[in-house]
Amino acid sequence: YTRASVLEGQSREARRALAGGDIMTAETGALDRFRAILELDPGNATAISGIADATPALAARTTKAYADGDREGAAERLSELRAIDPLHPAVERVAQLLLKDSQVGELLNAAADATEAGRLLGEGGAKAAYDAALALEADNPAALAGLAGLERLMLARAAELTRSQK
């Protein structure tokens, strides 16, 4: 095998992996294959171009995973994208979305804990936590349902109190 034929074969396999969507698989994914080419030939234009082509594909997969509700997959793809191109616009965008989701999740958990403990209103209460979650994500279905449930609970308690005072 000549060096040129090895580079040609690796380039073909790298392009095939990229076309098939195999970007990050260790050793067989497009990026590892393009990097191997660069180790043999540091200025190889095909490998440099291939890595550049892989970045938008990985960014699209990262964004799609988030849009599909696959938060774990989005976080994994984000880590991979960050390793390749930390300044890619999708890195900041998806990182912010995942952070917001995490914050909303923490607030929803706090609201559920407060409700369970009987702290419905005031600072540290369920309503404040639901309101804070809705401030981050105005149409969050869990927060909206939580507020509706909280309202029903408060109305039931008020009705119970009224009956007990008669």
Side-chain angles (χ1 to χ4, degrees), residues 10-39 42 44-117 119-153:
Q10 285 191 1
S11 178
R12 188 174 39 256
E13 291 301 315
R15 286 279 176 200
R16 186 176 297 139
L18 181 59
D22 183 4
I23 298 168
M24 295 300 295
T25 303
E27 297 180 26
T28 61
L31 284 173
D32 275 2
R33 288 183 184 273
F34 286 128
R35 287 179 182 137
I37 293 169
L38 288 175
E39 285 179 25
N44 186 288
T46 300
I48 292 168
S49 170
I51 290 172
D53 290 346
T55 303
L58 186 55
R61 286 174 134 190
T62 304
T63 304
K64 183 174 180 345
Y66 181 84
D68 290 347
D70 179 7
R71 301 307 189 249
E72 188 175 313
E76 288 173 15
R77 300 293 84 72
L78 177 63
S79 177
E80 295 165 352
L81 181 59
R82 193 177 269 142
I84 299 166
D85 185 358
L87 300 178
H88 193 283
V91 169
E92 183 64 25
R93 184 174 53 252
V94 175
Q96 288 298 318
L97 290 169
L98 289 170
L99 176 62
K100 180 188 73 159
D101 286 352
S102 174
Q103 292 169 333
V104 168
E106 288 174 15
L107 288 165
L108 292 174
N109 287 338
D113 290 346
T115 300
E116 196 172 301
R119 295 186 322 274
L120 306 181
L121 301 173
E123 189 176 327
K127 183 174 183 326
Y130 285 129
D131 288 343
L134 289 169
L136 290 172
E137 186 179 346
D139 59 349
N140 183 281
L144 292 169
L147 274 179
L150 190 60
E151 182 180 341
R152 285 190 302 275
L153 179 61

Exercise for the section: Would you please name every residue forming a side chain to side chain contact (heavy atoms under 4.5 Å, CB included) with Ala60, sequence neighbours left out? Expected result: none
Fill in the blank from the handout: Between Phe34 and Thr46, the two heavy atoms sitting closest are CE2-O, 3.9 Å
Problem - Residues that Asp113 engages under salt bridge (charged side-chain N to carboxylate O under 4.0 Å, His left out), provided they are two or more places apart - result: none
Problem - Beyond-backbone contact of Pro86 with Val91, side-chain heavy atoms, under 4.5 angstrom - result: no
Completion exercise
Contacts of Asp53 meeting salt bridge (charged side-chain N to carboxylate O under 4.0 Å, His left out) (sequence neighbours excluded), chain-then-number -> Arg15
Exercise for the section: Return the set of residues passing side chain to side chain contact (heavy atoms under 4.5 Å, CB included) with Leu99 (not counting sequence neighbours), or none when no residue passes. Expected result: Gln96, Gln103
Handout entry: Nearest non-hydrogen partners of Gly73 and Ala65, listed with the distance
Key = C-CB, 4.0 Å
Side chains of residues 132-141: which donor-acceptor partners sit under 3.5 Å, not counting sequence neighbours?
residue, atom, partner, partner atom, Å
Glu137, OE1, Asn140, ND2, 3.3
Asn140, OD1, Ala142, N, 3.0
Asn140, OD1, Ala143, N, 2.8

Practice task
Would you mind listing every salt bridge (Lys or Arg N to Asp or Glu O under 4.0 Å) that reaches into residues 95-109, with sequence neighbours excluded?
Solution key: Arg71-Asp101
Practice task
Using the test salt bridge (charged side-chain N to carboxylate O under 4.0 Å, His left out), find all partners of Glu13 that sit at least two apart in sequence or belong to another chain.
Solution key: Arg16
Exercise for the section: For residues Ala128 and Gly122, report the shortest heavy-atom separation together with the two atoms involved. Expected result: CB-O, 3.7 Å
Practice task
Could you name each residue pair satisfying salt bridge (Lys or Arg N to Asp or Glu O under 4.0 Å) that touches residues 121-131, not counting sequence neighbours?
Solution key: Lys127-Asp131
Fill in the blank from the handout: Rounded to the nearest 0.5 Å, the CG atom of Leu31 sits from the CG atom of Leu58 at a distance of 7.0 Å
Practice task
Evaluate the side-chain proximity of Leu98 to Tyr66: yes if any heavy-atom separation is below 4.5 Å, no if none is.
Solution key: yes
Problem - Exercise: identify the closest heavy-atom pair between Pro42 and Ile48 - result: O-CD1, 4.3 Å
Practice task
Output every pair passing salt bridge (Lys or Arg N to Asp or Glu O under 4.0 Å) with a member in residues 28-37, not counting sequence neighbours, ordered by first then second residue.
Solution key: Asp32-Arg35
Exercise for the section: With sequence neighbours excluded, tell me which residues meet salt bridge (charged side-chain N to carboxylate O under 4.0 Å, His left out) with Arg77. Expected result: Glu80
Practice task
Could you check Tyr130 against Leu150 for side chain to side chain contact (heavy atoms under 4.5 Å, CB included), going step by step and ending with a plain yes or no?
Solution key: CA-CA 10 Å; Tyr130 285 129; Leu150 190 60; 4.2 Å; yes
Problem - Contact list for residues 54-64, test side-chain hydrogen bond (donor to acceptor under 3.5 Å, both in side chains), sequence neighbours left out - result: Lys64-Asp68
Handout entry: Test side chain to side chain contact (heavy atoms under 4.5 Å, CB included) applied to Ala59 - qualifying residues, sequence neighbours left out
Key = Leu81, His88, Ala90
Problem - Over all atoms of both residues, closest heavy-atom pair of Ala17 and Gly29 - result: CB-C, 4.1 Å
Exercise for the section: Kindly give the heavy-atom pair with the smallest separation between Leu18 and Gly50, and that separation in Å. Expected result: CD2-O, 4.0 Å
